[in-house]
Each structure stands twice: as C-alpha cells, then as structure tokens.
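Dropping the structure in here first, questions after.
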Amino acid sequence: MMGEKIDELLPRIEAALERGGRSMGDLQILLATKTRTAEEIREAVELFKARGITVGVGENRQQEIAKHADLEDLHEAGILRHFIGHIQSNKARDITRFADLVHSIDRESALASIEKRAANDGKVQRVLIQVNTSGEESKGGYDPDLGLLKEVAQRCNESDSLALEGLMTIGTNTDDEVEIRRSLRQLRELRDGLGIEAVKELSMGMSNDLEIAIEEGATIVRLGSVVFGPRDYSH
C-alpha cells in the first residue's frame with residue numbers, strides 16, 4: 001500500500017519539478033513522521049531507497065524523538081533527521097541532540113534556546129528561519145519583513161553555534177490556489193532578498209500543496225499523509 005502511494009507520488013513531483021525547470025537532484029523529500037511508528041518510518045525510507053531516492057525524516061514533537069532510538073542505524077547510514085515543529089525552550093537540548101537541521105526558528109526565544117543548547121554540546125546547529133507568510137495567527141514564524149529577517153540572519157551568522165541555511169514556511173490553509181501560491185512565492189522572494197549565498201534552502205510544501213511549492217522553488221518538501229495515509233493518533 002505504501003509503495004503504491006509512493007509510485008503515485010513520484011510522477012507528480014517529477015512533473016512539478018519539470019515545470020519549474022528542475023530535477024529530482026534539486027529537491028529533498030522529507031518524511032513528516034508525527035504519530036508514525038519506527039516500523040512505518042523504516043518501511044518508507046527503504047521504499048524510497050529502492051526507487052533510488054534518499055529521504056530525510058522530520059519530527060514535529062519533542063516527545064516523539066525517543067522512537068528514533070530504534071532507527072539509529074538509518075541515521076548512521078546518512079538519513080538526516082530534522083525537527084519541524086514548535087520549539088519549547090525547555091526541550092531545546094533534546095531537539096539539538098536529535099536534529100541535523102532545525103526548521104522552526106520562529107522567534108527570538110527559540111533561537112536563543114537552540115543556540116545555548118548547541119553551544120553547551122559543542123555543536124554547530126544547522127537552522128532555518130520560520131516565516132509566517134500566510135499571516136494566519138494560528139501559525140508561528142517571524143513576520144515576512146525583509147529588514148527584520150536580515151537582522152535575524154545577522155544574529156545567526158554572528159553565532160558560533162548556529163549555521164543559517166534557509167527559510168521555512170507553512171502555506172496558507174485555504175482552497176484558494178492563488179493565495180497558497182502567493183504565500184509560498186513570498187518565501188522565495190524573501191530568501192532572494194536576503195542575498196546571502198549560504199541561505200539557499202526553502203522548506204515549504206506539504207501533502208496538500210506540494211506541487212505548488214515545488215513550482216515556486218521549494219528545496220525541501222515535508223510529506224506525511226501522501227506517503228503514509230491518514231494519521232492514527234491512538235499511538
């Protein structure tokens with residue numbers, strides 16, 4: 001069943017990339033693994049690998065990090081681990097010890113807590129700045145103001161414990177494709193406006209808007225239900 005979902009998904013991704021003049025080598029598929037078991041994650045990683053694609057895994061919640069103890073061999077084999085959810089400052093140590101890349105630096109307190117914990121462990125934490133391009137109050141992220149983002153980027157670049165690699169957003173929750181596209185395109189425009197060579201990643205697009213995100217330049221797409229099916233919260 002999961003293999004069939006992946007076989008239906010990949011042509012959609014490839015077609016969206018082609019429309020944007022890009023190829024699979026320009027995109028990182030990130031499995032959004034909230035509520036998924038270690039067994040489901042392993043199966044998905046191996047199914048993508050069998051199709052010649054290396055994926056990453058991304059957790060939304062600190063309390064689910066523990067299940068990755070059963071997947072340490074995947075990490076050792078090069079499967080990168082991402083943290084893509086809201087950062088609780090008192091959980092920052094667990095996040096930095098888990099994540100190769102943290103997507104959700106959405107406010108100063110999150111930045112400071114991740115920086116502090118990375119410094120304590122002698123680690124340079126790779127991060128993305130989360131931007132609220134939808135304007136929805138339910139979503140976290142810095143305001144989409146280029147001047148503000150330049151200040152945050154400078155703050156990251158002056159740190160010995162942070163490495164800023166790009167921006168992240170969650171597209172507008174609507175059926176209006178024009179508005180979804182606007183909210184995703186804005187992230188690309190903000191990244192380009194920063195004019196920092198090392199800041200190149202665009203983490204945007206999920207199961208419901210992945211093709212628009214890819215067309216608008218996403219370098220990382222976060223995919224859950226389109227790969228795994230509906231979530232089972234009974235876990």
Side-chain angles (χ1 to χ4, degrees), residues 2-33 36 40-59 68 71 73-84 99-104 124-131 133 153 163-171 180-181 183-228:
M2 194 185 300
E4 294 174 1
K5 289 182 180 297
I6 292 170
D7 286 336
E8 293 172 357
L9 169 66
L10 289 179
R12 293 172 55 195
I13 291 175
E14 290 167 351
L17 284 164
E18 186 175 354
R19 289 193 293 273
R22 299 190 296 154
S23 65
M24 283 297 293
D26 300 316
L27 184 72
Q28 169 75 56
I29 295 173
L30 180 61
L31 302 176
T33 55
R36 311 302 176 180
E40 289 176 299
I41 296 168
R42 183 179 297 278
E43 179 184 2
V45 168
E46 292 178 349
L47 285 168
F48 274 101
K49 182 179 179 181
R51 290 156 175 78
I53 297 172
T54 299
V55 296
V57 295
E59 282 298 343
H68 289 268
L71 300 168
D73 60 306
L74 295 183
H75 190 234
E76 292 172 355
I79 302 300
L80 299 184
R81 301 188 302 209
H82 303 236
F83 189 80
I84 58 179
D100 298 294
L101 180 63
V102 175
H103 290 225
S104 43
V124 177
Q125 179 65 63
R126 299 164 53 211
V127 298
L128 307 179
I129 299 171
Q130 182 174 349
V131 186
T133 59
L164 178 61
E165 297 193 355
L167 306 179
M168 181 269 248
T169 198
I170 301 170
I180 295 170
R181 189 175 295 277
S183 68
L184 299 174
R185 179 185 299 127
Q186 186 176 24
L187 193 74
R188 171 170 50 82
E189 293 171 345
L190 288 167
R191 180 205 60 185
D192 294 348
L194 287 175
I196 302 172
E197 185 176 354
V199 180
K200 61 182 179 180
E201 302 292 357
L202 291 176
S203 172
M204 59 186 194
M206 300 188 290
S207 294
N208 61 331
D209 58 8
L210 68 96
E211 286 151 310
I212 298 174
I214 292 169
E215 290 168 3
E216 292 299 334
T219 64
I220 304 171
V221 289
R222 311 179 300 270
L223 306 181
S225 59
V226 73
V227 173
F228 296 102

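As the structure is a computational prediction, the values presented were derived from the model and not from experiment.
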I want to check something: taking the side chain as every heavy atom from C-beta on, are I13 and L223 in contact at a cut-off of under 4.5 Å?
yes

Test: E216 and R181 ion pair at under 4.0 Å:
yes

Is there a donor-acceptor pair under 3.5 Å between the side chain of R19 and the backbone N or O of E211?
no

Shortest non-hydrogen pair, G205 vs A213, comes out as CA-CB, 3.4 Å

Between CE on residue M2 and CG on residue L9, distance to nearest 0.5 Å:
12.0 Å

Donor-acceptor contact present, side-chain R51 to main-chain L47, <3.5 Å
yes

Is it the case that the side chains of S104 and Q130 hold a donor-acceptor pair, with the cut-off being a distance below 3.5 Å and no angle test?
no

For the CD atom on E189, are there more than 12 heavy atoms of other groups (residues, nucleotides or ligands in this structure) within a distance under 6.0 Å?
yes

Spell out, as yes or no, whether a donor-acceptor pair under 3.5 Å connects the side chain of T219 to the backbone of L202.
yes

Please confirm whether the backbone N or O of G58 pairs with a side-chain atom of T33, one donor and one acceptor, at under 3.5 Å?
yes

Of all heavy-atom pairs linking R126 and D100, the shortest is CB-O, 3.4 Å

Report yes or no: does T133 contribute a side-chain atom to a donor-acceptor pair with the main-chain N or O of S183 at less than 3.5 Å?
yes

R188 vs L184, test: side chain to side chain contact (heavy atoms under 4.5 Å, CB included). Steps then yes/no.
CA-CA 7 Å; R188 171 170 50 82; L184 299 174; over 6 Å; no

Return the CE to CG distance between M204 and L187, rounded to the nearest 0.5 Å.
6.0 Å

Determine whether R81 and E59 satisfy the following criterion, side chain to side chain contact (heavy atoms under 4.5 Å, CB included), listing intermediate values before the conclusion.
CA-CA 8 Å; R81 301 188 302 209; E59 282 298 343; over 6 Å; no

What's the shortest heavy-atom distance between I129 and A153, and which atoms?
CD1-N, 4.1 Å

List the atom of A99, the atom of V102, and the distance in Å for their closest heavy-atom pair.
CB-CG2, 3.9 Å

What verdict does the side chain to side chain contact (heavy atoms under 4.5 Å, CB included) test give for I29 and L210, after you've listed the backbone C-alpha separation in whole Å, the side-chain angles of each residue and the deciding distance to 0.1 Å?
CA-CA 10 Å; I29 295 173; L210 68 96; over 6 Å; no

M168 side chain near I220 side chain, heavy-atom distance below 4.5 Å:
no

Donor-acceptor check, side chain of R222 to backbone of S203, threshold 3.5 angstrom: yes or no?
yes

So among E43, K5, R36, which one has a side chain to side chain contact (heavy atoms under 4.5 Å, CB included) with F228?
R36

The test is side chain to side chain contact (heavy atoms under 4.5 Å, CB included); show your working for K49 and L74 and say whether it passes.
CA-CA 11 Å; K49 182 179 179 181; L74 295 183; over 6 Å; no

Tightest non-hydrogen contact, residues Q28 and T54, listed as NE2-O, 3.6 Å

Kindly indicate whether the side chain of E201, heavy atoms from C-beta on, has any atom under 4.5 Å from the side chain of L101.
no

Determine whether R12 and I214 make a side-chain contact, defined as any pair of heavy atoms from C-beta on separated by less than 4.5 Å.
no

What's the separation between atom CG in L31 and atom NE2 in H82, rounded to the nearest 0.5 Å?
9.5 Å

Checking the side chain of T169 only, and the main-chain atoms of V131 only, is there a donor and an acceptor separated by less than 3.5 Å?
yes

Please give me the minimum heavy-atom distance between I79 and G56, naming the atom from each residue.
CG2-CA, 4.4 Å

